[in-house]
Amino acid sequence: LFCCVIMAGLFLNGPSADAQSYVYVSPNGDNLDGASWSSAYHSLQDALNVATANQIVCVSTGRYVYNSAMGGSFGGVGAALFIANRNLTVRGGYLESGSPGAYTNEPLMTTVDVNTNILRIWTFTNCPNGLVENMTFTGALQTGGAGAMGAGGYAYISVNTFRNCIFRRNYCGARGAVFLLDRSQLYMNDCILSENEANIATGLGGGMFTAYSNSVLCVSNSVIAGNTALGGRGIVLSVANSSVGRLFNCLVRNNTSTIGATIMSMFNSASGTIVLENCTVTGNNGAGLEETGGSAIASNSIFWCNADDIIGNVNLYYCDIQDGDTGTECFSADPQFTAGYYISGKSPCVNTGSVSAASVQLDTRFPFVNGPDSGVVDLGYHYPESNVLTDIYVNPSAGNNTNAGTFSSPLSNITFALAVVQPNTRINLATGMYTSASENFPLTISSAHDGCHLVGAGAESTIIDATNSGARV
């Protein structure tokens with residue numbers, strides 16, 4: 001009772017709940033003390049330096065560009081952002097209204113962008129329970145040959161969660177263009193990992209690499225697309241030294257590995273473990289899943305149109321595998337993809353899983369274009385929503401790229417529209433000429449544009465003309 005009274009007194013007489021809970025970051029603040037939106041820090045690292053355990057660092061929408069290692073260095077490697085010995089929540093997307101007020105769940109609205117002066121975006125050391133959400137991280141370049149590891153981030157004896165984040169176009173010279181783990185746990189949920197690259201011959205793990213003893217990596221409800229390992233193995237993840245990697249409800253597509261598989265169960269150890277559940281692994285130029293030591297298990301998943309679907313001794317349960325690899329209740333039949341990687345209502349993957357959709361919390365997600373899963377779980381990736389296209393409008397004569405992209409306030413060119421759209425977007429092109437005077441040819445549709453549509457006003461009225469550009473359309 002005495003302890004309770006003292007604690008209550010401290011609570012009643014201490015700082016306000018707002019002062020205890022939040023530190024603010026915005027390019028529009030006065031860069032004073034981060035106590036409000038008006039006095040917000042301009043730099044996220046300045047906020048991380050003063051935030052105390054369990055506070056929420058609120059980051060407004062905007063683009064935060066880093067030209068130096070503001071987070072200092074750890075192990076001789078510089079970082080834009082550094083957290084040590086504390087639990088913090090870092091949340092992007094705030095609209096600067098209220099305390100802290102509303103925020104958007106659109107991760108592209110809050111972007112951390114670094115350049116060649118930065119070797120790494122994040123470093124976490126001895127952080128027992130950190131959370132980062134609603135943000136995009138891009139531009140990291142870590143060079144230095146075989147020792148260049150963890151461009152997007154590095155975790156040392158830490159437990160961290162990234163939720164609703166994008167890691168795009170980060171580069172390293174060896175392992176882990178997104179993250180390197182050292183005796184740590186990393187959880188990623190509702191994330192997009194795209195166009196990351198391990199870009200020299202020692203490349204190992206272009207998208208994700210788990211290393212060192214007793215690390216745990218769990219990626220769920222996420223898309224892993226267009227990542228590259230040149231000369232290396234394990235686009236998505238390689239697991240080493242008693243570590244565990246788990247992919248649950250992930251779409252793993254169109255990744256490139258010049259040696260070995262898209263997903264590997266081991267590197268430099270015979271004791272790593274990889275588990276795949278309800279994943280769709282498709283269109284990868286390496287094998288879908290390879291076991292070269294340790295153990296690999298896949299269930300309720302689809303392996304289709306990979307260079308080879310399965311290599312090694314993989315334990316397979318309730319999977320649709322194009323190459324016909326055998327396992328418990330496995331089969332080979334066209335999954336009937338539609339509108340990206342939804343399955344049709346007549347797909348052989350419907351109601352053929354090993355558990356109920358509700359038991360694995362997939363009964364609110366969408367394997368079909370128009371409906372959620374129910375009953376026995378369907379195989380493969382389940383989208384977060386039905387195939388409802390977001391519309392964006394482009395008008396070369398009346399548009400402006402500072403506009404919102406609506407029908408009444410259109411953008412001015414296709415190039416900019418492709419740079420900002422998310423998957424499942426319909427880009428509506430008004431009548432007019434789209435030429436090299438306003439477009440950068442060739443127009444590029446990449447792994448980031450899954451399910452995007454380009455729709456003109458008519459074949460004779462919407463004309464894309466690359467004449468004099470010196471490039472294809």
Side-chain angles (χ1 to χ4, degrees), residues 14-74 77-115 117-140 152-156 158-167 179:
S16 68
D18 184 68
Q20 287 180 319
S21 298
Y22 305 112
V23 180
Y24 296 86
V25 180
S26 168
N28 304 314
D30 293 335
N31 200 33
L32 295 178
D33 57 13
S36 66
W37 289 121
S38 61
S39 63
Y41 291 112
H42 293 169
S43 166
L44 175 53
Q45 184 59 50
D46 286 344
L48 298 177
N49 289 340
V50 302
T52 57
N54 301 313
Q55 283 195 300
I56 298 175
V57 178
C58 304
V59 188
S60 77
T61 58
R63 196 170 195 89
Y64 297 84
V65 179
Y66 291 87
N67 298 308
S68 61
M70 295 189 67
S73 65
F74 181 80
V77 179
L81 305 170
F82 183 92
I83 302 178
N85 306 311
R86 286 166 293 160
N87 294 333
L88 291 178
T89 293
V90 180
R91 180 181 296 132
Y94 279 95
L95 304 177
E96 300 189 50
S97 60
S99 302
Y103 58 89
T104 173
N105 286 321
E106 172 48 69
L108 280 172
M109 297 297 289
T110 307
T111 296
V112 172
D113 189 355
V114 301
N115 64 23
N117 293 324
I118 297 294
L119 296 180
R120 176 178 291 147
I121 297 176
W122 283 103
T123 292
F124 298 94
T125 66
N126 296 289
C127 297
N129 190 19
L131 171 64
V132 180
E133 59 183 353
N134 304 339
M135 300 182 73
T136 293
F137 304 99
T138 187
Y154 170 65
Y156 175 75
S158 295
V159 179
N160 297 102
T161 298
F162 283 82
R163 186 165 59 207
N164 191 36
C165 289
I166 297 173
F167 282 83
F179 240 91

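Values in this document were obtained by computation on a predicted structure and should not be read as measured data.
Phe124 places none of its side-chain heavy atoms less than 4.5 Å from the side chain of Val159. Residues Leu48 and Val90 have side chains in contact (heavy-atom distance under 4.5 Å, counting atoms from C-beta outward). With contacts defined as side-chain heavy-atom distances shorter than 4.5 Å, the pair Phe179/Asn160 does not qualify.
Aromatic ring orientation, Tyr22 versus Tyr24: tilted (interplanar angle from 30° to 60°).
Scanning both residues, Ala40 and Ser26, for their nearest heavy atoms gives CB-N, 3.6 Å. For the residue pair Gln45 and Leu81, the shortest heavy atom distance occurs at OE1-CA, 3.0 Å. Nearest approach of Pro27 to Thr61, heavy atoms of both residues: CD-O, 4.4 Å. Heavy-atom minimum distance, Thr52 versus Gln55: N-OE1, 2.8 Å.
In this structure, the side chain to side chain contact (heavy atoms under 4.5 Å, CB included) partners of Arg163, at least two apart in sequence or on a different chain, are Leu131, Glu133, Asn189. Evaluation of the side chain to side chain contact (heavy atoms under 4.5 Å, CB included) rule for Ser38 yields Ser36 as partners, not counting sequence neighbours. Checked against ring pair (Phe, Tyr, Trp, His ring centres under 6.0 Å), Tyr103 has the following partners two or more places apart in sequence or in another chain: Tyr94. Scored by the side chain to side chain contact (heavy atoms under 4.5 Å, CB included) test, Asp30 finds Leu32 as partners (sequence neighbours excluded).
Close placement of the Phe162 and Phe167 rings is indicated, their centers lying within 6.0 Å of each other.
Within the 3.5 Å criterion, the main-chain N or O of Thr111 finds no donor-acceptor partner in the side chain of Thr136.
For the side chain to side chain donor-acceptor pair (under 3.5 Å) condition, no pair includes a residue of residues 79-88, sequence neighbours left out. The salt bridge (Lys or Arg N to Asp or Glu O under 4.0 Å) pairs that include a residue from residues 54-70 are Arg63-Asp113, where partners are two or more places apart or lie in different chains.
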